[in-house]
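What follows is one structure encoded as structure tokens, with my remarks underneath.
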Amino acid sequence: MKKSLLALALLSVISISSAADYKAGDIVVRGGMTNVNPDSGKSAVLLGGADSTMSLSVDDNSQLGLNFVYFYDQNWAIEVLAATPFTHDVTIHDPNAVLNVDGAKLAEVTHLPPTISAIYYFQSDSSFKPYVGLGLNYTIFFDEGFEEAPKSLGLSNLELDSSLGLAAQIGADYQLNDKWHINASVRYIDIDSEATFDVGGSSIGKSDVNVDPTVFSILVGYKF
Ligand code: NI
């Protein structure tokens, strides 16, 4: 009798500590580091509609990432990804020395990529809770501006239009206890913009900017 009571008590302790499943109505808030790593492919620069042989590339940036998750039930949740604005350097590649600016930092662009996703958590009896998600991203670019050197070459009026695209992710929570967890995720976001700019006062410059980043997040989460 004593032994079986003890076994029962042990079992309940183990199940409490290892399998705190999410349930309908749970709200999770997470904060931590989010890194936006653009596709390293280069985007061709057109001048007056013609290929200039120049191209652009965009570097990576890390910011404070925030995550809000609402659970419909044990498996399904809706997630909003927010962050402080990301600022990326735009580098120009000019192998044929059209403007003699190969490798120069051309501009800085700042963007916000809010993403809303439907998340599916797999059944898991352990503290490790993996999930997949599919969502929509809306990226707004602002504060676009050329550096001093390209300005002196007559480049001005840089603008990047906003982007609406799909986002896909995989991630997992590792539950430390009933309230706290560590979260890691990697997502791909389809972000395609078009940059337009003036050369010598006329609006002839154009480049598709396919940012298409891989986004890594490491966050600490708290369940309410
Ligand atoms: Ni794309």
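Atoms within each ligand, like the ligands themselves, are counted from 1 in listed order. We're numbering straight along the sequence, starting at 1.
- If you check the side chains of E108 and T87, you find no donor sitting under 3.5 Å from an acceptor.
- Protein contacts to the Ni ion (ligand 1) involving N, O or S atoms at a distance below 2.8 Å are D190 OD1, D192 OD1, D192 OD2, D212 OD1, D212 OD2.
- Applying ring-ring contact (aromatic ring centres under 6.0 Å, His included) to Y120 and the options Y131, Y72, F71, W76 leaves one that passes, W76.
- Checked against the 6.0 Å centroid criterion, the rings of F224 and Y222 qualify as a close aromatic pair.
- In this model, a donor atom of one side chain and an acceptor atom of the other lie less than 3.5 Å apart for D161 and S193.
- Among residues at least two apart or in separate chains, there is no side-chain hydrogen bond (donor to acceptor under 3.5 Å, both in side chains) pair with a member in residues 206-216.
- There is no side-chain donor-acceptor pair under 3.5 Å between Y121 and D21.
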